[in-house]
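Have a look at the structure below, then the notes.
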Amino acid sequence: MEQSKLVELLNDMSLEEKINQLFQANVSFYDKGSIVTGPVEEQGFTQRTIQEAGSVLSLLGAENIKNVQKEHMEKHPHHIPLVFMADIINGYKTIFPIPLAQGAAFNPEVARIGAEVAAKEVSAAGIHVTFSPMVDLVRDARWGRVMESTGEDTFLNCEYAKAQVMGYQGEDPKAPGRIGACVKHFAAYGAPEAGKDYNNVELSERTLRDDYLPAYEAAIKAGALLVMTSFNTINHVPSTANKWLMRQVLRREMGFNGVLISDWAAIDEIRKHGMCEDRKGAAKLAIEAGTDIDMMTTCYPNYLKELINEGEVDIALLDEAVLRVLELKNKLGLFENPYKDADEEAEKRLLLCKEHRQKAKEVAKETFVLLKNEQMLPLKREEKIAFIGPYIEEKGIIGAWSMFADEKDSVTIREAVENYGANVLFSKGCDTLWAGAEILSMDTYHRNTRTKAEQDAMMEEAVETARKADKVVLCIGEHRTQSGEGGSRGDITIPKHHKKLLKKVAKVNKNVIVVLFNGRPLDIRKIQNMAKAILVVWMPGTEGGNAITEVLYGETSPSGKLPMSFPYTVAQMPMHYDEFRSGRQINPETPDYRFQCKYLDIPNAPLYPFGYGLSYTEFDYSEVKLSADTLTRGGNLTAGVILKNVGEYEGAEAVQLYICDEVGSVVRPVRELKGFQKIWLKPGEEKQVTFTITEEMLKFYDINMEYVAEKGRFTVFIGGDSSTQNQAQFQLV
Ligand code: NOJ
């Protein structure tokens, strides 16, 4: 539809109709393709609101959606279609590894592929918009939602943000198989104090702008149609009511002209934060800040009319919000084609199809991070391997944000290994969750049905199995409900009974390989001492079992790198490799001297740094060579190394470029990731890897809050992780 027609439509709508466009109905208002009334009345608004709602949350299925859309449009005074939205994070039915794992691939293409498959599947099921990508920068592994982010680095997150938007929307979100992307959570939701979900955020404006905002901006520049507000406060103002953040930063500075949707009930939470007395006050603050859609509250439908009639809210604010919602529908082609891709036949054909499973498997294989390997891996078919641990038969390996998928569809390690046909033994040893072992949360706290004697017998059987094998692959880790929303933890270790199993098994068999399941970096010091190899597999998704088996048996070498540092202990949180230089930076030559920036009882360094990950093969880096030792404004220089595969296996290495701005008008980080390239090499093969360095890459917010590159000395590091010392220097003149 032409823009002028949208404006005409807007002008023709009644006040109520306009307000209702900003209301998002949810799945509980619908039953098999029809509008139901019960829950509407309970919430104190009329049937009309729901019949004129602008969008729907979490209703899925082609048949359902087609029926609801048809009935809705027939009853709607202007026959305006609904836009259907849902949280499709790392897949709809075919589940890819969690986003944090995808970050570990150091290859944004995997995220593009994952988003594309998700879009194909869920658009067939009638959905038009997903609440993804989440690009929140995360530096505190206590926060459960780190699993939804691609990690602690701004540059990495930017690259993944773009890739995900492209994967969902392609060149045109209207096109078949494409959906709109909603980047979230604007802004800085990933920095809650003490890692506690929904907590206050304290950030300087400089850190916000330098580190946290770029990934949202990257997604917006890539064309994301929507942005979601965050739950947290910034500078003591909840985002959903933050005029400066939304109108100045998001709209004016970043140029975002799409729809801004509140997070779940976040408009009413403005009241709960204590920024207003009542819901009416919350509606006023939210619309003034520029929040267009009200998700899961009735603040807009119940109070906007009153506020406008009383002259408390300018009707122009309502009009601009409604126009943006209409524009969204138009960008998705819904006025011409309200059912878009909803198609029962396509659902049957596409959901969990062979091609999607294959892609999920290939992506998963790129996300595993090998932290340690004392000649244990790869396994050989002729070796007798005991696969032990609760995760050998666990189907719940699809992560916390896969609520529309069925874990029954995922392939367990046991199923995959049996299919692979190796020389193996199996024994679970314990369950993933045991009552009393770990308090997860009220709704996921299971009571184990096994008696103490049964549990002991199970463990003993595992120990006996371990005795009979050449090597043990021990599959243990966090439960998937221990990360995700509301999944903050103060103790980031694996469940106690998993540790007990490891200890007992390691006593009878020294060749223990730990396959670690996790939704966050964990404190693995104890595991590290008892295992000869550790492979981090995160929550690997539907094809997890097959991917793990193929990597363990060396069909592919692991090539993941940590997208978040694995701490020495939780006490180091929050931590990030790109820290600022202290005036008392620890001197490696005098580590025991007291008056330095350090702890008395734990090291400063993480157990494994950002960017770290081994391969079955080994890579050799030449010295860093620069094309020049000065960089002129507007010019560029190149920095390169020769990478050689000096081991016996084919493998891939994510070559990382870091830059340190040695002197600045404000304190600068010790180094920052500015580029990476994933290079596949056969044994003996070598390749020149070159990065181009430009002035743009050196910019930051200076002492006057201007975004500039300052002249002076820069150090370039190129290597396999964030601790590399392979370096060269240049001057920006
Ligand atoms: C709350 C979460 O914070 C957000 O990420 C999600 O998209 C919404 N709920 C909708 O389910």
Side-chain angles (χ1 to χ4, degrees), residues 22-30 53-60 83-92 98-100 115 118-119 122 125 127-138 143-150 157 161 164-165 168 179-192 195-201 215-216 219 224-234 238-240 258-270 272-273 286 291-297 299 328 399-405 441 443 481 483-488 519:
L22 307 188
F23 172 68
Q24 179 156 74
N26 71 76
V27 60
S28 69
F29 299 147
Y30 304 94
S55 54
V56 179
L57 172 66
S58 293
L59 181 74
L60 286 113
V83 46
F84 292 90
M85 309 190 184
D87 288 282
I88 305 303
I89 311 299
N90 43 309
Y92 172 45
I98 55 171
L100 189 62
V122 85
I127 288 295
H128 307 137
V129 165
T130 177
F131 298 131
S132 174
M134 173 180 129
V135 303
D136 302 321
L137 186 76
V138 291
W143 193 48
R145 298 193 77 169
V146 302
M147 54 84 48
E148 278 176 74
S149 161
T150 48
N157 283 0
Q164 288 175 84
V165 173
Y168 292 127
I179 55 176
C182 174
V183 58
K184 66 189 188 186
H185 305 83
F186 198 76
Y189 179 43
K196 233 185 323 179
D197 209 357
Y198 318 118
N199 208 7
N200 181 51
V201 165
Y216 306 107
L225 295 183
L226 296 92
V227 170
M228 186 183 288
T229 70
S230 58
F231 286 128
N232 57 282
T233 57
I234 292 181
S239 298
T240 313
V259 165
L260 178 64
I261 184 168
S262 81
D263 199 348
W264 183 287
I267 296 188
D268 191 27
E269 286 175 16
I270 302 172
K272 295 189 181 160
H273 276 292
T291 307
D292 300 324
I293 297 183
D294 178 351
M295 182 199 292
M296 293 305 290
T297 87
C299 293
L328 171 68
W401 267 104
S402 308
M403 66 263 206
F404 303 113
S441 74
D443 46 351
T481 55
S483 60
E485 188 173 347
S488 295

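First listed ligand is number 1; within each ligand, the first listed atom is number 1.
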Side chain to side chain donor-acceptor pair (under 3.5 Å) partners of Asn199, counting only residues at least two apart: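 So Asn199 forms no side chain to side chain donor-acceptor pair (under 3.5 Å) with any residue.
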Element-labelled atoms of ligand 1 that are located less than 4.0 Å from some non-hydrogen atom of Lys184: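 Heavy-atom distances to Lys184 below 4.0 Å select 4 (C), 5 (O), 6 (C), 7 (O).
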Side chain to side chain, Glu148 and Ile98, heavy atoms closer than 4.5 Å: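 Counting from C-beta outward, Glu148 and Ile98 never come under 4.5 Å.
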Any His128 side-chain heavy atom under 4.5 Å of Leu225 side chain: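 They are not in contact (no side-chain heavy atoms under 4.5 Å apart), so the answer is no.
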Parallel, tilted or perpendicular: ring planes of Phe231 versus Tyr198, cut at 30 and 60 degrees: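 The arrangement is perpendicular - the two ring planes meet at more than 60°.
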Polar contact flag for [X] and ligand 1 (N/O pairs, less than 3.5 Å):
X: Trp401; answer: no
X: Asp263; answer: yes
X: Asp87; answer: yes
X: Glu148; answer: no

Any donor-acceptor N or O pair under 3.5 Å, side chains Tyr168, Ser132: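 Yes, because at least one side-chain N or O of Tyr168 sits under 3.5 Å from a partner of the opposite role on Ser132.
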Asn157 versus Thr150, side-chain donor and acceptor atoms under 3.5 Å: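 On atom types as modelled, these side chains qualify, holding a pair under 3.5 Å.
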Residues forming a ring pair (Phe, Tyr, Trp, His ring centres under 6.0 Å) with Phe23, sequence neighbours excluded: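 Per chain and number, Phe23 pairs via ring pair (Phe, Tyr, Trp, His ring centres under 6.0 Å) with Phe45.
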Ligand 1 contacted by Met228 (non-hydrogen, < 4.0 Å):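 Checking ligand 1 against Met228, which is what was asked, there is a heavy-atom contact under 4.0 Å.
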Non-hydrogen atom of Met295 closer than 4.0 Å to ligand 1: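 Distance cut 4.0 Å: Met295 passes for ligand 1.
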Shortest protein contact, atom 5 (O) of ligand 1 (heavy atom only):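 The closest heavy atom on the protein side is His185 NE2, 2.6 Å.
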Under-4.0 Å heavy-atom contact with ligand 1, by part of Met403 that carries it: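 It is neither; nothing of Met403 touches ligand 1.
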